[in-house]
Amino acid sequence: MRHLVWFRTDLRVADNPALYEAAADGAEVEAVYIDCPGQWRCHGNSSIQRDFMSRNLQVLNEQLAQLGIPLTVLTVDTFAEVPAVLASWLTTHTFDALYANRELGIDERRRDKAVQQTLLVPCRVYNGDCVVDHGSLTTRSGDMYKVFTPFAKSWLASLRASGYRLLPVPEALGEPLSCEPLSLSGERVSSEAWSAGEAAAAQRLTQFCRLSLRDYGELRDFPAEDGTSSLSPYLALGILSPNQCLAAIEAELEQLPFSRGEPGFVWLNELIWREFYRHLLVAFPRLSMERAFKPETEALQWSQDDEGFRAWREGQTGYPIVDAAMRCLKQTGWMHNRLRMIVASFLTKDLHIDWRRGEAWFMSRLIDGELAANNGGWQWAAGTGADAAPYFRVFNPTTQGERFDADGDFIRRWLPELAEVPTRVIHAPHDWLDNHVPGHGYPKPIVDHKRARLHAIAMFDALKDREAV
Ligand SMILES: Cc1cc2nc3c(=O)[nH]c(=O)nc-3n(C[C@H](O)[C@H](O)[C@H](O)COP(=O)(O)OP(=O)(O)OC[C@H]3O[C@@H](n4cnc5c(N)ncnc54)[C@H](O)[C@@H]3O)c2cc1C
């Protein structure tokens with residue numbers, strides 16, 4: 001028997017159900033990755049993520065070679081061409097079955113359906129990206145949860161009842177192979193700040209659990225601290241699996257935390273948010289189609305303020321915490337979660353710009369860009385999503401800065417023009433700059449937050465009025 005494993009966003013050999021099952025019955029195994037540069041562009045993914053993907057693919061290539069499994073990279077432009085190229089590859093190389101782990105976006109699901117309809121051999125698809133499989137958690141009426149807390153309760157009950165399954169790396173299937181270096185073509189921005197490969201991810205995970213897991217609840221909101229795991233680039237491309245995260249928590253704490261207040265629970269809860277958004281993406285295909293989760297919010301009258309969007313994108317809004325966050329994103333391809341919430345709120349509630357523009361900008365810059373979490377985060381902040389922030393609770397960018405970057409350390413790191421500003425005025429530095437630094441160039445706030453907040457609330461109130469008519 002000859003089995004072909006099709007790698008996608010699951011670039012790992014450990015805890016990889018498709019690879020494990022393909023190799024389980026002593027079959028000959030080969031692997032393929034199908035690069036679709038046109039699709040990459042169409043989905044608006046970033047050049048830094050493409051570079052990270054390419055580097056991780058090379059590490060995977062080496063690991064598979066050690067297991068005696070050759071990896072081939074095929075290139076087509078878009079998903080539309082994938083069924084034909086796979087069918088031809090399977091036939092020419094006489095494979096008996098195709099193995100893959102599921103991907104969740106609507107384009108990926110349509111592609112996979114087309115592949116299944118085209119192939120003459122069995123196509124076996126597994127859940128490799130969630131601890132609890134999509135669709136398996138439902139309310140009493142059989143629907144997907146629309147609110148996080150009951151979803152989390154159900155998720156934890158499932159984990160308690162069934163545990164999680166951590167699959168080993170398959171046994172080597174033959175002598176190690178030599179392998180040629182491979183790399184993806186197209187525009188790339190260096191991702192060298194992030195070590196590639198699952199060993200690097202595992203090391204980061206272990207270190208995080210050892211040093212920060214217990215204090216995560218206290219530290220996670222402060223962007224100047226190293227208080228979160230920074231594992232998102234690895235989870236987004238499947239270099240690391242959520243089961244491996246659970247295993248690391250368990251190894252550190254000797255047991256899994258099942259309730260609020262137990263050490264490690266706050267971090268586990270973030271992993272449950274990750275799964276919540278993934279389950280939502282499967283249950284509500286409109287989330288993959290640039291539609292709001294709450295259909296009534298499609299009528300919101302967003303502003304076409306291109307100048308405001310440019311200022312936000314470039315970190316020139318005159319709100320230091322927003323600007324520092326946006327410049328950090330531009331320079332590194334990553335942003336702390338607290339800052340993602342602040343800048344998303346600023347774009348949608350202070351500038352009244354459509355969340356879809358922010359979502360696309362994030363996708364085009366993030367090294368961890370990932371449809372489910374990005375869409376979930378944006379719709380949460382905009383007030384259009386499942387279990388979103390209440391529309392009348394608008395983040396104040398100045399007090400957020402004061403609370404979460406009290407000494408201004410993060411702001412000074414990313415806004416060199418504010419390097420000399422004293423801490424007492426770092427979150428509203430304009431008068432001080434005007435008096436002490438001639439020609440400083442830092443912009444005045446581009447909106448008045450109080451007025452902008454009232455406008456945002458009025459936008460949502462107008463929706464209620466429409467419903468009442
Ligand atoms: C507007 C907005 C956009 C976002 N876009 C993305 C994105 O494109 N890709 C992405 O992976 N995350 C996204 N997030 C979620 C979150 O900000 C990042 O996952 C987190 O900052 C990554 O840092 P970390 O690995 O140190 O996370 P930790 O705090 O260490 O959390 C561990 C893991 O849990 C998951 N996670 C944590 N918080 C969330 C969350 N709120 N929602 C879903 N999953 C979460 C991530 O996989 C993360 O790596 C977004 C959040 C917002 C508000």
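All figures in this text were calculated on a predicted structure; none of them were measured in a lab. Remember, it's 1-based here, ligands and their atoms both numbered in the order they're listed.
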| Aromatic centroids of Tyr99 and Tyr20 separated by under 6.0 Å | no
| said: So, regarding Tyr277 and ligand 1 (criterion: nitrogen or oxygen to nitrogen or oxygen, under 3.5 Å), is there a contact or not? | reply: no
| query | Between Phe392 and Phe460, does the ring centre distance come in under 6.0 Å? | reply | no
| Which residue owns the protein heavy atom closest to atom 5 (N) of ligand 1, what's the atom, and how far is it? | Asn374 OD1, 3.1 Å
| message | Which residue is it: Leu74, Val5, Leu71? I am looking for the one with a side chain to side chain contact (heavy atoms under 4.5 Å, CB included) to Val32. | response | Leu74
| Arg278, Glu270, His336: member with heavy atom nearest to atom 35 (C) of ligand 1 | Glu270
| Among Trp355, Phe276, Phe362, Trp267, which residue places a heavy atom closest to atom 32 (C) of ligand 1? | Trp267
| request: May I ask you to check if ligand 1 and Trp378 share an N or O to N or O distance below 3.5 Å? | output: no
| Which protein heavy atom lies closest to atom 12 (N) of ligand 1, and at what distance to 0.1 Å? | Ala373 CB, 3.5 Å
| message | Measuring from atom OG1 of Thr399 to atom CZ of Phe404, what distance do you get when rounded to the nearest 0.5 angstrom? | response | 9.0 Å
| Just which atoms of ligand 1 are under 4.0 Å from any heavy atom in Leu235? | 33 (C), 47 (O), 49 (O)
| message | At less than 4.0 angstrom from any non-hydrogen atom of Leu231, what atoms of ligand 1 do you find? | response | 25 (O), 49 (O)
| Shortest reach to atom 27 (O) of ligand 1 by a heavy atom, considering only Ser212, Ser229, Gly358 | Ser229
| said: Considering Glu370, Arg204, Arg274, Glu275 one by one, which has a heavy atom nearer to atom 8 (O) of ligand 1 than any of the others? | reply: Glu370
| said: Can you check which of Arg340, Gln379, Arg365 brings a heavy atom nearest to atom 14 (N) of ligand 1? | reply: Arg340
| query | If we ignore angles and hydrogens, is there a donor and acceptor under 3.5 Å between the side chains of Asp350 and Tyr319? | reply | no
| Going by the atom numbers of ligand 1, which of them fall below 4.0 Å from some non-hydrogen atom of Leu271? | 33 (C), 34 (O)
| Does the His455 side chain pair with the main chain of Leu351, one donor and one acceptor, at a distance under 3.5 Å? | no
| query | Taking only heavy atoms of Ser230, which atoms of ligand 1 are found under 4.0 Å from at least one of them? | reply | 24 (P), 25 (O), 26 (O)
| query | Heavy-atom distance to atom 51 (C) of ligand 1: which of Asn337, Asn375, Thr348, Leu347 wins? | reply | Asn337
| query | Going by distance only, is there an N or O of Gly377 that falls short of 3.5 Å from an N or O of ligand 1? | reply | no
| query | What orientation do Tyr277 and Trp273 show, parallel under 30°, tilted 30 to 60°, or perpendicular over 60°? | reply | tilted
| Identified side chain to side chain contact (heavy atoms under 4.5 Å, CB included) partner of Leu182 from the options Asn61, Asp35, Leu60 | Asn61
| Side chains of Ser230 and Trp194: do they bring a donor and an acceptor to under 3.5 Å? | no
| Which pairs count as ring pair (Phe, Tyr, Trp, His ring centres under 6.0 Å) when at least one residue sits in residues 240-260, sequence neighbours excluded? | none
| field | Short side-chain donor-acceptor distance under 3.5 Å, Gln66 and Glu62 | value | no
| In this structure, which one of His134, Arg274, Arg102 forms a side chain to side chain donor-acceptor pair (under 3.5 Å) with Asp129? | His134
| said: Once side-chain hydrogen bond (donor to acceptor under 3.5 Å, both in side chains) is applied, do any residues pair with Glu314, and if so which ones, sequence neighbours excluded? | reply: Lys330
| request: Output yes when the distance from some N or O of ligand 1 to some N or O of Tyr216 is under 3.5 Å, and no in every other case. | output: yes
| message | Within the 4.0 Å heavy-atom shell around Gly369, which atoms of ligand 1 are there? | response | 8 (O)
| message | Which of the numbered atoms in ligand 1 are under 4.0 angstrom from any heavy atom belonging to Met341? | response | 53 (C)
| said: When you measure from the heavy atoms of Trp334 to every atom of ligand 1, does any distance fall below 4.0 Å? | reply: yes
| note | If you compare Asp368, Ile272, Leu268 by their heavy atoms, the one closest to atom 11 (O) of ligand 1 turns out to be Asp368
| Short N or O distance, Ser232 and ligand 1, threshold 3.5 Å exclusive | yes
